[in-house]
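Note sheet for the following structure.
Small disclaimer: the values here were computed from a predicted structure and weren't measured. Below, read A as the first sequence line, B as the second, and so on, with proteins coming before strands; counting in each chain starts at 1.
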Amino acid sequence: MLRINNLSVSYGPVAALRGIDLTVEAGETVALVGSNGAGKSTTLKAISGLVPPSGGTIEFLGETLNGLKPEAIVERGIVHVPEGRRIFPRLSVEQNLEVGAYSARAAMRRRRIREEVYALFPRLRERRQQMGGSLSGGEQQMLAFGRAMMAQPTLLLLDEPSLGLAPIIVEEVIRAIAHFRAEGVTILLVEQNAELALTLSARGYVLETGQVVLTDESQTLITHPKVWASYLGEKELEDT
Amino acid sequence: MAKLNRKLRSLLLAGLLASGAATAALADTVKIGVFGPMTGDAAAMGQSEKEAVDLAVKEKNAAGGLLGKQIEIIYADDAGKPEEAVNSAKRLISKDEVLMMIGSISSPASLAASQVARQMEVPQIVVAGTAQKITTAGNKWVFRSPVPDTKLVADLVDFIHEKFPNYKKFAFLYVNDDFGRGGFEAFKKAGAKYGYEIVAEERYARGDLDFTAQLNRIKASGADAMIEWSRYTEGALVAKQFAQIGLTLPRFASDGVATPKFIELGGNAVDGVMFTTHFSPATVADIPAAKSFIDKYKAAYGRTPDAYAAEAYDAITIAMLGIEKAGKADRAAVRDALAKVEFGSTRGAFKFDEKGDPLLVTHVVKIDAGKETNARNIPVQN
Amino acid sequence: MKMPPALPRLIALLILVAVPLVEHNAYWLHVFSLALIAAILALGMQLLLGMAGLLSLGQGAFYGIGAYVAGALAANYGVPFLLTLLAGGLAAAAASLLLVPIVRLKGTSLAVATLGFSIIVHLVILNEEWLTGGSLGLMDIPKPTLFGVSVADDDVFYWVCLVILVLVFVAMDRISKSRFGRALSAICQDEEAARASGIRLAWSKSKCFLVAAFTAGVAGGLFAYHSRYLSPSDFTFNESIEIMIMAVIGGLGSLSGAVVGAFVVVLMPEVLRSSGELRMILFGLAVILLMAAGNLGIVGLASLAAAKLFGLFSSARAWVSKPREAN
Amino acid sequence: MIYDQFLQTLLGGLAIGCIYSLIALGISMIVRATDILHFAQGEVMMVGAMTGFSSGVWAGNAPLLALIGGTFGGGLMAVAVELGVYRPLRARRVPLINVVIATIGVSIVLQNVARLVWGSEPLAYPALFETRGLVISGFTVSPQLATIVVLSVLIMAALAVFFRYSRAGIAMQAAAQDPDAARLMGISVERATVNTFAVSGMMAGAAGVLLGSLFFASFNMGFITGIKAFVAAVLGGLGSVPGAMVGGLLFGVIETFSAMFISTSYKDAVGMVVLILILLVAPMGLFGRAGRQV
Amino acid sequence: MAALLETRGVSRRFGGLLAVDSVDLDVTEGEVHGLIGPNGAGKTTMLNLLSGHLPVSTGTILFAGADITRLPSERRAAAGIRRTFQNLKLFREMTALENVMVGLHASTRAEIFHALLRTRFQKREEADIAEKARAALAFVGLTALADQPAGSLPYGHQRLLEIARAFVAEPRLLLLDEPAAGLNASESRHLVDFIFRIRSAGTTIILIEHHMDVVMPTCDRITVLNYGKLLARGTPKEIRADGAVIGAYLGKGAVAAAAAVRKAEAAHAAH
């Protein structure tokens, strides 16, 4: 479904991605793990068109996405939930959801989906007239998910959905992801919380300094020392 | 490098122009410089100035021009600012080498330029600056077409005293610039003669839109009448707001409102305003030059000329008469000739006094049902 | 292998010195003198905006204060020329202390607050007749004399302005290369990092305002003698906006850019006079087009063009990436 | 008597303030969406007044048509300068200050083009409303001022509804608050920016017609009014819609009341002093937030 | 050894969020003290509180025995606390040398009139700090790039330059905020050497870092933050073996959460 070939991205003089290959098949949930600055978020941004690739290709359902604007990529059903939730702080909950269904492909069924969102997150219905910025972190995350639901994705790009959230909220996150999976949505998940990411996914890629260093079944990765090493230091591991 | 090239080029160009101008003096045109606010807030007055000058010059040129040559008018825009008026005057004199200058509209611009005229010894006729200072600074190169505000105000005060002997307490509203300030100071001085008391002194800034605060204070001041020194734009707004807050005082105004535009903008709110002027369609009955000027102007531009146009028309006429009288394109000779010009202007018989100010009969016009009427004939109000 | 950066400056200076020798036309000398005065103003603005990144719309007010103080001292008390210039500068600098409370404002807030200051100063000039002559203006400013010799002739006055401009230019150049200049640049580029290096923001910014105000005050003093008649309508907030345009148009942060910008803003409307009715439209369009030059400004573009034109070694690239080099 | 004066002054201040608000709203919206300080907003207002005048006269002194013509004239002009000037400049990635100065260039050009097109004489609007004072239970009320206040409030209410309920309005806000996140929702930020200019120009155009009908239309009516509206926007908190509304009203009322009770000579200074004091206490203005700033 | 820096109950609140929650920190003179924790743990906020870029909500900060809680950041810088920034805050348009010279601002005195007159004092001072700055550049190995604009340097060099700017003033305490972010492997190794050399020059260092291959070899002691609270402290060895730390990093809660996933999915399928 999604095929990434030798993708490179640079921010000015800094190379964030140095030629990564990655594939996601329809209906799969794939995790991208790695420490800070490994290039996970950049990968997602390149797919959704927020940053231009400096090399390589991104193909979605056989079509090359390179050079398309983000709004055109959304129309193809790729929905990116960015890190830090990025809900619109001075729009109400309901308006935020409305924006989620802005693309033409999502606009038709927006009323029905909104009811689904409210059914999944009753808290949002309670607060639908409140400004997004006045919600708690957990509620904002719910809103970000609700907004993504409104967009009715075929491929969902999730960036650090559990970041900075209390464990009880993380469960809500898991519930939301489960909902998407049950709907048959393909998911590419970026998480620093490797165990969570690998539990939720079937396959995973481990990124280090802009390169894929390892890819395997999640069950395998979850116990693989290299994953551990990418967080707490490789050299130290050797003498443990 | 490109910068240097450009500078060099402009220098060369300037040099060429200067040398070209030197020969132009001997050439086949008589150059007169005309400057005024062609852009900026007072652009409408500059427009009147330009139209009137164009009209007079076209006619003269068609009749064979001056000294056997065609007249060439060179316009310069001072945007109503003194700094730019100085630039304009210097440019007209030293770059375009005009024989003499006409301009500007506002007093500060005229004053600033007159220092250049004096320094470079070029005759200048001010079109509309009424500040007394312009001609009292001992500058023999400057003349002016309008009468100074002191004279205008003194005539107005005499008129009020004659027709409205009961009015003793006045409210004075003026635009806070040279024009309004000059009018106010003149009124204080002239009114002292009759023991007039100023019970409210109110000012506003050029471009202001809301005058209710000032008018309300005037309303509360117990004045017998209101004197207003405004130009027609603000004057029309004052008149409207005057009506809106329910003021009914008799109103006297300056020649700043002596234009058909005042009535057009003010509508029926300006009815009853009496203003001093030297030029009004209402008072031209005995002035043949005015009648023909109005007809020609209407034919050319489709509108009735205002006082600025008349002043400019007279200024250019004086200039042409002076040059003709001097008989040669010599600035000093022209200056001396100008001082002696006497003719029938659009504002009546015209001659300069020793300071270079015109001696003209001041009219008072009353707006009645949207028409300017001569107020000389109104009965004394007791 | 680079062209020594001083060379273009030297050539420019020689040309500026030679102007009155080549050009005797009073009008052009008058306008060129005005451009030199404007250049002094623009240099002060460059210190504020180009170096310290402070968007101040108060420079026109200091210009007016300097002009009126110098003009009034000369007209009413016969104070000698250079002393009145100094007094104008000092008065403006003293007035800049009024801005100390607002230096901590940033961006738009600072711009609008200083704009407000400009408006207030204009109103004081307009309304305090006893002090400034009010709307009728301040007249009778004597011709300038230096050590008993008149310097009122167009060419001599031009050279006087040029000398003062050169002094201000050298002063600004020295400031930009000093500890204080570095502190201002640091503040401009990153306030947090500047603080982390021990730079006191309010103190440095206040000093910057003070120096810029002094410069504008001196320029105002020169203007008083140049025009010899001061009117409030020459010192509206428009003046402040024009000064800002000068500093940006030539190349933000570049001292030569400020001088070139001042020449462009003063001379262009004069050159465009021949276009009659279209004059201000063309000027406005030119301003818009020049803004497309980005932070290079005219000077940056010119040096780029020069570098390309003469294929000057390999320096072209360095000129592009470092417009500051070109000043 | 004194109450009467007070009410009249208040009404006058509110009417002027409403006009400032309408212009300030546009300025604030543009800052929010693009960071540009739009110094030409007053000129957009002027263009609205002029096109309103022309369409009103063309349609035989029809007030409603004047309002519509002015609104669309302002909107089109704002879109034209965005597409013709600001967007190309932004595309060249010039520093923000350059774009801001370009807005001053635009203001110069618009003013002088309007002078050539509509002449330098002020144009008197046909009397849209009754101009004589009405005496209501002892108070003199100007129907004209009252109409302006009512119309302005209606326009602002329409804007609020637009922002609250319409997809385009919500998208514009989203694009202004977080352009990247908005792109991820499928919003074209470029189009949202054009819409922002259109709406802000329409507000200014409507303000122009109201101002023109209250006073008159002239090529130079925009600059000072625009600057005052700018100050009002900063006073309220640049980038905040309620801030622009409150700032405009406040500035209008301060202006008239300081003329009434302090000094007509220094009435503009009073507004500026209030502005500076407010900025000292709240550097971002009354309703300002830290965040996207120049 | 004496404590150079102590914090007592330092907290920082952003709206409803307690970013730093009553943290007690003790940093001994001469040590390299690591400050680690997962993303969003409050490390950078803590650093901002120490450098004075953010005011504390509650608590006190003592530096060399003096209470500096209310001191603004520029005064702390003058007192000998220097820092680098996570997102590189260089003066991009100044040369590398000028950047480092700015670092010496607080220890120089030349005023405007010195600059205008080019006094001997000013010249000597300028020469003096230029020499010191060059030495600092040499120390980080950037001598050759001294006259390049900082913004045009390669990223890794920019990191080093920022450290040089902080280090040149000979601070007593150096706060490094993720100095290895964006560095490649060899640059990171270089950084490790470098931290050792700064330490041997007698400067105390607080190091925030995600790259454990930088933290583990350099730090004498490590403090771990999680959700703004102090989670653990100890030597690198102790920290590595600490279950709570591993959990914080890899998501201990996630194990339980994984079960929830399956449950939720089953529920959805039934629905």
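Side-chain contact of D:S218 with D:W118: a donor-acceptor pair under 3.5 Å is absent, judged by distance alone. Between the side chains of D:T256 and D:T9, no donor-acceptor pair of N or O atoms lies under 3.5 Å.
Side-chain atoms of C:Q46 never come within 3.5 Å of backbone atoms of C:L252 as a donor-acceptor pair (strictly under, hydrogens ignored). Listed for the C:T132 side chain is a donor-acceptor partner under 3.5 Å among the backbone atoms of C:E128.
Contact annotation for D:I276: only side-chain heavy atoms (C-beta onward) come within less than 4.5 Å of a heavy atom of chain C. Residue D:I227 touches chain C through its side chain alone, counting heavy-atom pairs closer than 4.5 Å. Contact of C:L115 with chain D is made through the side chain alone, with heavy-atom distances under 4.5 Å. When heavy atoms are compared at a cutoff of 4.5 Å, D:I224 approaches chain C solely by way of its side chain, counted from C-beta outward. Heavy atoms of D:V113 lying under 4.5 Å from chain C belong to its backbone as well as its side chain. In this structure, no portion of D:V270 lies under 4.5 Å from any heavy atom of chain C. If you measure heavy-atom distances from D:I104 to chain C, the contacts under 4.5 Å come from the side chain alone.
Ranked by heavy-atom pairs under 4.5 Å with chain C, the list D:I101, D:I108, D:V109 is led by D:I101. Note: D:L280 leads D:L280, D:V106, D:L89 in heavy-atom pairs under 4.5 Å with chain C. Counting heavy-atom pairs closer than 4.5 Å to chain C, the top residue among D:P88, D:A102, D:S263, D:S265 is D:S265.
D:F223 and D:F39 have their aromatic ring centers separated by at least 6.0 angstrom.
Under 4.0 Å is where a charged nitrogen must lie from a carboxylate oxygen, and between D:E190 and D:R87 no such pair does.
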